[in-house]
Amino acid sequence: MDMRPVSASGGHCDALDKALGDFRARAPHTVDRWGELLAAVLTGGGRLLAAGNGGSAAQAQHLTAELVGRYRDDRPPFSAIALHADTSSTTAIANDYGVDEVFARQVRAHGRDDDILMLLSTSGASANLLAAAEAAREAGLHVWALTGPAPNPLAAAADEVLAVEAPSTATVQELHLVAVHMVCEAFDAALERGWGAKGRRRAGAAAAPDRTGVPARGAGGGPHALQAGLIRRTPDDLPHGGRRHE
């Protein structure tokens with residue numbers, strides 16, 4: 001029997017492994033549903049807004065980058081904004097209205113009915129995220145939250161929540177990254193299955209164009225609906241040999 005003490009790094013891995021088992025049992029159903037709704041909204045011309053503080057801000061920006069760029073296979077870009085990334089807006093809002101308004105005011109500016117707001121918080125208690133959730137609900141957005149252990153205020157304020165049951169902030173953040181990648185995979189899978197605007201499968205024929213020549217939103221999909229299927233390419237067909245830039 002190995003009697004050597006568990007190192008600090010080993011203990012970190014043990015905590016992650018323990019939390020992963022519970023997360024793996026609960027997360028897929030929620031994530032699959034999110035992927036399908038996200039595909040319906042974004043192919044219909046909608047938008048994802050995402051926000052977090054500190055490390056959670058980095059996770060939020062990771063998610064939006066995967067949607068504007070790509071996750072695995074090449075596909076059209078979709079509209080996704082990390083609200084903390086506009087430093088001029090966030091600092092101006094913080095200076096004029098207070099830190100609690102830095103995301104809420106941007107939600108009111110950029111969010112539209114039926115868009116999606118994703119909020120990430122290890123504590124689930126950040127005042128600026130709670131204010132953003134309230135602003136989003138008032139504007140008709142869907143509010144999703146990735147949090148630490150529930151119950152917490154953000155989980156209560158969101159329409160849907162995926163809570164990581166782990167005592168360590170680091171472990172929660174690591175599983176939030178797993179969740180981000182799972183959402184991206186579910187989104188791409190929904191596109192590949194042919195999900196179009198508002199959750200309808202693409203009918204195969206383009207919607208009748210309006211006077212601008214662009215298919216009308218809500219009539220078979222927005223501008224992305226016509227090309228929502230994943231474009232299968234080999235790594236050699238992609239820039240830089242298919243390498244992703246993190």
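Quick caveat: nothing in here was measured; it's all calculated off a predicted structure.
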Under a 4.5 Å side-chain heavy-atom rule over Ile, Leu, Val, Met, Phe, Trp and Tyr, are V180 and V143 clustered together?
no
Can you check side-chain contact (heavy atoms from CB on, under 4.5 Å) on F78 and L191, steps first, answer last?
CA-CA 12 Å; F78 292 92; L191 294 182; 3.8 Å; yes
Under 4.5 Å between side-chain heavy atoms, hopping through other hydrophobics if needed: is there a path connecting L63 to L154?
no
May I have the step-by-step check of side-chain contact (heavy atoms from CB on, under 4.5 Å) for T64 and I81, ending in yes or no?
CA-CA 6 Å; T64 59; I81 300 174; 5.7 Å; no
In terms of side-chain geometry, is the basic nitrogen of R26 or D22 positioned less than 4.0 Å from the acidic oxygen of its partner?
yes
Atom CD in E185, atom CD in E66: separation rounded to 0.5 Å?
11.0 Å
Using only atom types and a distance under 3.5 Å, with no angle test, would you say the side chain of S89 pairs donor to acceptor with the backbone of D86?
no
What donor-acceptor contacts under 3.5 angstrom involve side-chain atoms of residues 119-127, with partners at least two apart or in another chain?
residue: S121; atom: OG; partner: S123; partner atom: N; Å: 3.4
residue: S121; atom: OG; partner: S123; partner atom: OG; Å: 3.4
residue: S121; atom: OG; partner: G124; partner atom: N; Å: 2.8
residue: S123; atom: OG; partner: A125; partner atom: N; Å: 3.1

Path from L177 to V183 over hydrophobic side-chain contacts below 4.5 Å
no
Among Ile, Leu, Val, Met, Phe, Trp and Tyr joined by side-chain contacts under 4.5 Å, find the other residues sharing a cluster with V99 and list them by chain and number.
none
Report yes if some heavy atom in the side chain of N53 is under 4.5 Å from a heavy atom in the side chain of F103; otherwise report no.
yes
Would you give the length of the straight line joining atom CZ of F187 to atom CG of L37, rounded to the nearest 0.5 angstrom?
11.0 Å
Got W144 and V161 here, is their nearest side-chain heavy-atom distance under 4.5 Å?
no
Rounded to the nearest 0.5 Å, what separation is found between the CD atom of Q106 and the CG atom of N128?
10.5 Å
My understanding is that only residues two or more places apart in sequence, or in another chain, count here; which of them pass side chain to side chain contact (heavy atoms under 4.5 Å, CB included) with A139?
L141
State the CD-CD1 distance between E160 and I116, to the nearest 0.5 angstrom.
9.5 Å
All heavy atoms of A190 vs all of G35, minimum pair found to be CB-O, 3.8 Å
Cationic N near anionic O, under 4.0 Å, R108 to E101:
yes
Could you check if a side-chain atom of H142 sits within less than 4.5 angstrom of a side-chain atom of W34, using non-hydrogen atoms only?
no
According to the salt bridge (Lys or Arg N to Asp or Glu O under 4.0 Å) rule, which pairs have a member within residues 125-137, sequence neighbours left out?
R137-D159
Smallest heavy-atom separation, L146 atom then A179 atom, equals CD2-CB, 3.9 Å
Measure the CG-OG1 distance between L129 and T147 for me, rounded to the nearest 0.5 Å.
11.0 Å
Closest non-hydrogen atom pair, A60 against G52:
CB-N, 4.3 Å
Note: D188-R75 ion pair, threshold 4.0 Å (strictly below):
yes
Which class fits the ring pair H62 and H181: parallel under 30°, tilted 30 to 60°, perpendicular over 60°?
perpendicular
Measuring from atom CG of L38 to atom CE of M118, what distance do you get when rounded to the nearest 0.5 angstrom?
7.5 Å
Report yes if the side chains of L42 and L67 come closer than 4.5 Å at any heavy-atom pair, otherwise no.
yes
Can you hop from L130 to L83 via hydrophobic side chains spaced under 4.5 Å?
yes
By the side-chain hydrogen bond (donor to acceptor under 3.5 Å, both in side chains) test, which pairs, at least two apart or in different chains, include something from residues 161-174?
H12-E174
Is a side-chain N or O of Q59 found less than 3.5 angstrom from the main chain of G55, in a donor-acceptor match?
no
Just wondering, do D115 and L48 contact through their side chains at under 4.5 Å, heavy atoms?
no
Side-chain donor/acceptor of R47 to backbone N/O of H110, under 3.5 Å:
yes
Looking at side-chain heavy atoms only, is the closest gap between V107 and L117 below 4.5 Å?
yes
Minimum heavy-atom distance A104-A131, with the two atoms named
CB-O, 3.6 Å
Between F23 and M182, does the side-chain contact (heavy atoms from CB on, under 4.5 Å) criterion hold? Intermediate values first, please.
CA-CA 12 Å; F23 180 84; M182 289 174 69; 3.8 Å; yes
Listed partners of V68 passing side chain to side chain contact (heavy atoms under 4.5 Å, CB included), at least two apart:
A80
Under a 4.5 Å side-chain heavy-atom rule over Ile, Leu, Val, Met, Phe, Trp and Tyr, are L20 and V172 clustered together?
yes
